[in-house]
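These numbers come from a predicted model, not from an experiment.
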Amino acid sequence: MDFEGLKRYSALHPKPAGLTLQYGTAGFRSKAQQLEHVMFRMGLLAALRSRAMGATIGVMVTASHNPEEDNGVKLIDPLGEMLHPSWEEYATQLANAEDQELQEIVTEICQKAAVNQRKDASVFVGRDTRPSSKELSQAVIDGISVLGGQYHDYGLVTTPQLHYMVCCQNTQGQYGKPTLEGYYQKLSKAFTELIKKSLSSGEAQRQLKIDCANGIGALKLAEMETYFPKEVQVQVYNDGTKEKLNYLCGADFVKVHQKPPKGLDMKPNESCCSFDGDADRIVYYYKDTAGHFHLIDGDKIATLISIFLKELLAKMGQTLKMAVVQTAYANGSSTRYLEETVKVPVHCVKTGVKHLHHKAQEFDVGIYFEANGHGTVLFSKAAENTIRQLAKEEKDVAKREAAKVLENMIDLINQTVGDAISDMLVIEAILALKGLTLQQWDALYTDFPSRLLKVQVADRQVIDTTDAERRAVTPPGLQEKIDALVKKYKLSRAFVRPSGTEDIVRVYAEADTQENADALAHEVSLAVYHLAGGKGAPPQPI
């Protein structure tokens, strides 16, 4: 290993004094000016991970839905999945090492992870549209190069596109071609096939307004426009030419504030959706004739996809094992509807995409979405082979047609990670094939009123949870207090969980009315404040 080169390059990307960062579900996130050393070191780590796995690794420079002045970085494992948890620790170690300790820690990682230094290293790099991203991705490239790694810089891409490229590369093209053109062609071919089937049932042209959060999604939709069938017309808003990234717009803003984004003119009953800053989340919404705003979040997206896939499997006569994976934040009404009406098993896991993805891999068809609109569908290899075989060889026409629709769905879904562009096309295809309006989709079930609050605490580690974060184990007495408060309200539930990144505790409550959900959330917040070391003034009623 070229330790002289490492020392020289490290000096070009020095670590600011006293800065400590933690690699979490979203990788590293911070103010952009604090991240140059982290980027360089994640270039190093990606080269080491590539050698350890004998495969191409991805590095994406993005801070997703965070404000424009922030940035971040996350690593992508060989099949397009998130970095393995054991390597998250190495990432944190490397990021926090003092400059003079770097050589020692790199050597230590090589020993612990049995990294073969003689193997080739290959890394794919991508970035979002933030002003700081170009320079920071160059720091990543410096890190890869100093360890003798090969890199391919894809430049401006959505996060899901880079996940897709990495998976294509490591499956030797079985998943698709590792190019943007390959991505556009695969998705548009599958989408066109599905839309053709809906047109034969007399469906009119589909129109959709898309808020791209002033981010990368707008650039990529513009590139993809020529691939869209003429039956679908999309209008892009917040394309990044006038306003700041994620400012008063994007999927996160719309979900949190329950109102339309700035810069999108909504007429009654028009179909609208929002991507987030790196285009891995999507939410839909519309305004009714009385002017009321209606949000269709990740829970309802998962429900629509579940209904559709379950119907197709039934038409094919297949009893593949299908399930929906949610977190504790999923609205209780969606869980009830999926279990009792759609009759699909629902599993609850800890918050964080990696937990959802991991659980979804246990089924033939695993559907997961967080309420915030991040999610996808996973098909087991066996299920995929069965479906493709039936689409080709099944004698019964109805069964074969159902298998063909499902085959196109498999090709349209980006199975590596939540992908706003892919998810949008999946939703549009399903609505067209089922002849559903947004209003009819929205009316499948009514959400229980809910409230999400934050409580500042001296130390978030005081709170420990169990049962997929639905019950508090510590501090003593907190769960008993929550149980007693929940009993006061109808159709209610509440839980608390510590933030993964800052000293706050999130409080979630549901009840039969908004007034009761607000009251329950407030009472639980007070319990957290008094029993878990609240900071500042006590929480005030909503």
[atom1] ([X]) with more than 12 external heavy atoms under 6.0 Å:
X	atom1	value
Glu69	CD	yes
Lys31	NZ	yes
Asp2	CG	yes
His347	NE2	yes
Glu135	CD	no
Lys255	NZ	yes
Lys177	NZ	no
Gln100	CD	yes

How long is the straight-line distance from CD of Gln169 back to OG1 of Thr179, given to the nearest 0.5 Å?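 Between Thr179 OG1 and Gln169 CD, I get 11.0 Å after rounding to 0.5 Å.
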Minimum side-chain heavy-atom gap [X]-[Y] below 4.5 Å:
X	Y	result
Met424	Phe275	yes
Tyr154	Pro178	yes
Ile413	Phe379	yes
Asp77	Arg49	yes
Leu147	Arg51	yes
Thr62	Ser133	no
Thr351	Glu370	yes
Gln111	Thr107	yes

Look at the rings of His374 and Tyr368 and say which category their plane angle falls in: under 30° parallel, 30 to 60° tilted, over 60° perpendicular.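 Judged by the thresholds at 30° and 60°, the geometry between His374 and Tyr368 is parallel.
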Should the pair Phe40 and Tyr9 be assigned to parallel (<30°), tilted (30 to 60°) or perpendicular (>60°) ring geometry?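 Correct class here is parallel.
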Pair Tyr23 and Tyr90, ring centroids less than 6.0 Å apart: no
For [X] and [Y], test the side chains for any donor-to-acceptor distance below 3.5 angstrom and give the result as yes or no.
X	Y	result
Ser64	Asp278	yes
His163	Asn414	no
Asp280	Thr159	no
Tyr329	Ser450	no

Exactly one candidate in Leu180, Leu219, Leu425 meets side chain to side chain contact (heavy atoms under 4.5 Å, CB included) with Met224; the answer is Leu425
Does the side chain to side chain contact (heavy atoms under 4.5 Å, CB included) test come out yes or no for Phe369 and Asp297, once each step is laid out? CA-CA 9 Å; Phe369 270 84; Asp297 65 5; over 6 Å; no
Cut-off 3.5 Å, no hydrogens considered: what does the side-chain donor-acceptor table look like for residues 523-532, sequence neighbours left out?
from   : atom 1 : to     : atom 2 : distance (Å)
Glu523 : OE1    : Lys488 : NZ     : 3.4
Glu523 : OE1    : Tyr489 : OH     : 2.6
Glu523 : OE2    : Lys488 : NZ     : 2.5
Ser525 : OG     : Ala521 : O      : 2.8
Tyr529 : OH     : Gly536 : O      : 2.5

What residues, two or more places apart in sequence or in another chain, satisfy side chain to side chain donor-acceptor pair (under 3.5 Å) together with Thr335? Gln326
Tell me every residue that passes side chain to side chain contact (heavy atoms under 4.5 Å, CB included) with Gln150, counting only those two or more places apart in sequence or in another chain.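 Gln150 satisfies side chain to side chain contact (heavy atoms under 4.5 Å, CB included) with no other residue.
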